[in-house]
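Presented below is the structure to which this report refers.
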4 protein chains.
Amino acid sequence: MSAKKDDKRDAILQAAAQCFSRFGYDKTTLQDIGDAAKLNKASLYYYFRNKEDLFVQVVLLEAERYLGALQEQVQPLMRATDKIVAYLTGRLEYYRQVLNLHQLSIENLQRLEPMFDDVYQAVRGQELAFLGELLSEGVTDREFLKLQPERTADALLTVADGIKHEAVQRARTRFAHEVDYAPVQEKLTYTLTLLLNGLKK
Amino acid sequence: MSAKKDDKRDAILQAAAQCFSRFGYDKTTLQDIGDAAKLNKASLYYYFRNKEDLFVQVVLLEAERYLGALQEQVQPLMRATDKIVAYLTGRLEYYRQVLNLHQLSIENLQRLEPMFDDVYQAVRGQELAFLGELLSEGVTDREFLKLQPERTADALLTVADGIKHEAVQRARTRFAHEVDYAPVQEKLTYTLTLLLNGLKK
Amino acid sequence: MSAKKDDKRDAILQAAAQCFSRFGYDKTTLQDIGDAAKLNKASLYYYFRNKEDLFVQVVLLEAERYLGALQEQVQPLMRATDKIVAYLTGRLEYYRQVLNLHQLSIENLQRLEPMFDDVYQAVRGQELAFLGELLSEGVTDREFLKLQPERTADALLTVADGIKHEAVQRARTRFAHEVDYAPVQEKLTYTLTLLLNGLKK
Amino acid sequence: MSAKKDDKRDAILQAAAQCFSRFGYDKTTLQDIGDAAKLNKASLYYYFRNKEDLFVQVVLLEAERYLGALQEQVQPLMRATDKIVAYLTGRLEYYRQVLNLHQLSIENLQRLEPMFDDVYQAVRGQELAFLGELLSEGVTDREFLKLQPERTADALLTVADGIKHEAVQRARTRFAHEVDYAPVQEKLTYTLTLLLNGLKK
DNA sequence: GATGAATGAGGATTCATTCAT
DNA sequence: AATGAATGAATCCTCATTCAT
């Protein structure tokens with residue numbers, strides 16, 4: 001019966017995704033989502049703990065899809081270095097889009113961030129595997145020196161997330177619309193280049 | 001002593017501007033604004049009729065500044081035609097920014113539009129004068145045939161606003177974040193070109 | 001289980017009716033009504049859209065009872081003409097009482113009028129049937145010429161409501177308590193007499 | 001300068017009287033009264049302690065005028081007994097009108113009653129004198145036995161007020177609109193008749 | 001005396017959330 | 001699993017009242 005439950009859960013997630021991107025997080029009411037999912041709003045609490053949880057799950061689902069697509073999109077690139085940089089910068093771009101898409105205010109963002117961190121653990125394993133493979137590829141192609149793929153992949157992800165996190169924190173004192181992602185992207189690219197250079201012969 | 005009142009009013013407007021752009025229109029509470037302005041929220045009603053009015057005044061102030069800057073920015077261009085097109089398209093871009101900046105939902109936008117129209121009358125005089133001057137310039141430089149600056153300026157502004165308004169109306173059926181301004185800009189540019197060509201020898 | 005909901009709804013209506021007639025429309029708070037119905041004030045919104053809606057429903061309920069009583073009260077009269085006139089003037093008298101009973105200001109009255117109109121449609125069917133029967137009676141008793149009961153009943157009701165409506169409109173410039181219903185009653189009686197005479201041989 | 005102040009005070013009272021009878025006590029705002037009196041609403045507090053005080057003063061002024069008129073109106077009656085009964089029942093009628101005129105809710109009424117009592121002391125002296133005179137007349141005309149005018153007048157007024165007060169108290173448990181003054185009038189008339197009969201030979 | 005400015009209290013309304021069934 | 005029903009908290013707004021000038 002878990003399959004059935006999952007179906008319903010997915011239907012709710014889809015309805016919620018539409019509502020959130022249409023109205024933004026704050027303006028979306030559980031009534032809206034319930035209506036869209038053809039379910040009483042009270043029933044949503046059977047599948048999700050609360051509005052925040054539901055939102056985070058929506059974002060997680062989108063993240064899985066987006067990052068999957070990004071991974072495929074990056075494959076045609078020639079060098080492992082380029083694939084890695086493209087993937088990690090594409091990942092940041094995704095983060096920016098989520099904020100805009102759901103009209104998340106900085107306030108909400110900071111309230112929800114810990115929940116995001118929890119949820120990202122779920123995707124992180126997959127991401128680590130992907131990066132690890134790219135790194136191994138790089139070694140095979142003699143692009144990188146011998147390295148420990150898992151630890152290096154973890155380091156890369158941590159660096160990328162650290163830079164992203166710093167950007168959000170810095171936003172604390174500035175206005176939401178003023179957050180400029182260009183310098184963050186630049187910093188990320190620069191740091192990754194340094195790191196990956198360190199792996200080269 | 002009206003200066004003092006105006007000072008306070010301005011302080012509130014500034015506080016409100018910060019809040020609106022930080023949290024968006026809906027999420028900004030009068031409590032937020034009152035706190036930021038170091039004033040009881042009830043006192044805000046001494047200076048403004050209601051939340052909507054306050055918001056519109058904020059936008060008006062921003063519009064004055066923005067349009068002033070735009071006018072200066074446009075002056076270095078060589079031909080009057082270019083100045084006019086640049087000004088009127090820059091103006092539309094501003095409109096787009098306001099929506100994003102304050103995370104105005106289409107719903108709110110349509111509710112507030114009449115209030116905006118009222119308020120824009122205040123700036124319109126200044127805009128007409130500016131455009132009129134550009135047109136006169138164009139005549140002096142033999143770029144345009146003889147024309148009535150006031151009436152022509154009015155026509156240009158009306159056309160630009162009409163195209164903007166149509167875009168909002170069309171948005172009625174689409175999601176706020178999906179409104180694509182590129183075709184609107186294109187339509188505006190095209191229409192203006194036609195119009196201004198009509199003024200040429 | 002809808003019966004249960006209706007029971008609660010009725011309990012609220014009764015509580016509201018008491019409050020409205022005790023304190024008047026404006027002075028009655030939803031807190032008052034909630035207290036009287038032993039329900040959180042927010043719960044009232046589960047049953048009614050807002051204060052105005054609640055008020056209108058109260059009046060509707062009273063109207064049904066009053067008009068029912070009026071119909072019985074009118075039956076003993078000998079001639080159909082008399083019954084009709086008595087019913088329609090009694091109806092106006094009821095309208096006057098509602099205003100006084102709930103201390104409705106002209107301001108509120110004019111704001112609520114459209115809602116009343118909506119709600120009166122619900123009773124109108126019953127009223128039309130009653131009047132139609134009186135008219136048919138009149139024909140049987142050779143008091144009236146042959147006529148179309150439905151259309152004639154409709155005409156009578158429309159005339160009565162029109163005269164009532166005119167009185168409210170005229171009140172626009174006068175104080176609520178100064179509205180004098182005597183001339184309205186007179187006008188109504190006169191007009192009805194003319195109309196009904198037109199139906200006689 | 002006290003004359004000037006009194007003028008202003010009277011102007012305010014007149015403005016307030018209009019507002020109160022137009023909108024009712026609750027719906028009248030101090031802003032309304034200030035506007036009508038062409039005075040800042042804060043200035044009203046220079047002349048009156050608060051809204052209640054202002055209202056009570058308005059009623060007092062009206063009472064003086066009304067009771068003065070009533071006294072004249074009663075004079076043409078032949079017998080002192082009739083004059084007294086007419087005066088005291090007319091007085092009760094006035095009381096009823098005040099409630100309706102200003103749409104005083106029972107709630108407000110009971111809150112304001114103590115203030116009324118204070119204020120009525122001001123008129124009471126005049127009323128006692130008037131009644132005393134009627135009583136003396138009655139003695140001169142051999143309608144009554146010898147009596148002490150002051151004490152008897154006081155007794156009459158106390159009885160009349162007591163009956164009125166009882167009516168208000170009884171209203172506590174009933175709805176405002178249901179207060180029926182007819183039995184109160186009757187009771188008053190009956191009691192007065194008994195009393196005055198007691199004074200006759 | 002008069003008023004501009006400020007505020008606390010209260011009222012209508014919305015919404016996330018809970019709970020019994 | 002699903003939902004009808006209920007509620008506390010938060011939000012916009014109005015108004016009587018106060019106070020410094």
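Note that this is a predicted model, so its numbers are computed, not measured. Naming: A, B, ... by sequence-line order, numbering from 1 per chain.
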Could you tell me which residues satisfy side-chain hydrogen bond (donor to acceptor under 3.5 Å, both in side chains) with [X], sequence neighbours excluded, listed by chain and number?
X	answer
Q57(D)	D53(D)
Q31(D)	none
Q97(A)	E93(A)

* Structure fact -> By ring pair (Phe, Tyr, Trp, His ring centres under 6.0 Å), Y25(A) pairs with (sequence neighbours left out) F20(A), F55(A)

* Report yes if at least one side-chain N or O of S43(A) is closer than 4.0 Å to OP1 or OP2 of dT3(F); otherwise report no. => yes

* Does the side chain of Y46(B) get closer than 4.0 angstrom to OP1 or OP2 of dA5(E) through an N or O atom? -> yes

For residues 38-46 of chain C, run the donor-acceptor check on the side chains, cut-off 3.5 Å, and write out each pair with its distance to 0.1 Å, sequence neighbours left out.
from: N40(C); atom 1: OD1; to: A42(C); atom 2: N; distance (Å): 2.6
from: S43(C); atom 1: OG; to: N40(C); atom 2: O; distance (Å): 3.4

* Asked: What residues, two or more places apart in sequence or in another chain, satisfy salt bridge (Lys or Arg N to Asp or Glu O under 4.0 Å) together with E64(D)?
  -> none

Atom [atom1] of [X] to atom [atom2] of [N]: distance rounded to whole Å?
X	N	atom1	atom2	answer
L39(A)	dA2(F)	CG	P	6 Å
F48(C)	dT14(E)	CZ	P	15 Å
L54(C)	dT13(E)	CG	C1'	14 Å
K38(D)	dG1(E)	NZ	C1'	19 Å
N40(B)	dA6(E)	CG	C1'	7 Å

* Structure fact -> Taking pairs as Watson-Crick (N1-N3 plus N6-O4 or O6-N4) or G-U wobble (N1-O2 and O6-N3), each distance under 3.5 Å, the stems of three or more consecutive pairs with DNA chain E are E:2-21 with F:2-21

* To do: Give, for atom NZ of K5(C) and atom CG of D7(C), the distance between the pair rounded to the nearest 0.5 Å.
  => 12.5 Å

* **Nearest-0.5 Å distance that lies between atom OG1 in T28(C) and atom CZ in R22(C)** => 9.5 Å

* To do: Describe the nucleic acid contact of Y47(A) in one word from base, sugar-phosphate, nothing, applying a heavy-atom distance below 4.0 Å.
  => sugar-phosphate

* Asked: Of the residues in residues 7-16 of chain B, which ones touch DNA chain F at a heavy-atom distance under 4.0 Å?
  -> none

Enumerate, atom names and distances included, each donor-acceptor pair closer than 3.5 Å involving a side-chain atom of residues 8-17 of chain D, sequence neighbours excluded.
none

* To do: Return the minimal non-hydrogen interatomic distance between K51(A) and D26(A), and the atom names on each side.
  => NZ-O, 3.6 Å

* In B/S/- notation, 5' to 3', how is nucleotides 14-21 of chain F contacted by protein heavy atoms closer than 4.0 Å? -> BSSBBB--

* Asked: Side chains of L61(A) and V58(A): closer than 4.5 Å at any heavy-atom pair?
  -> no

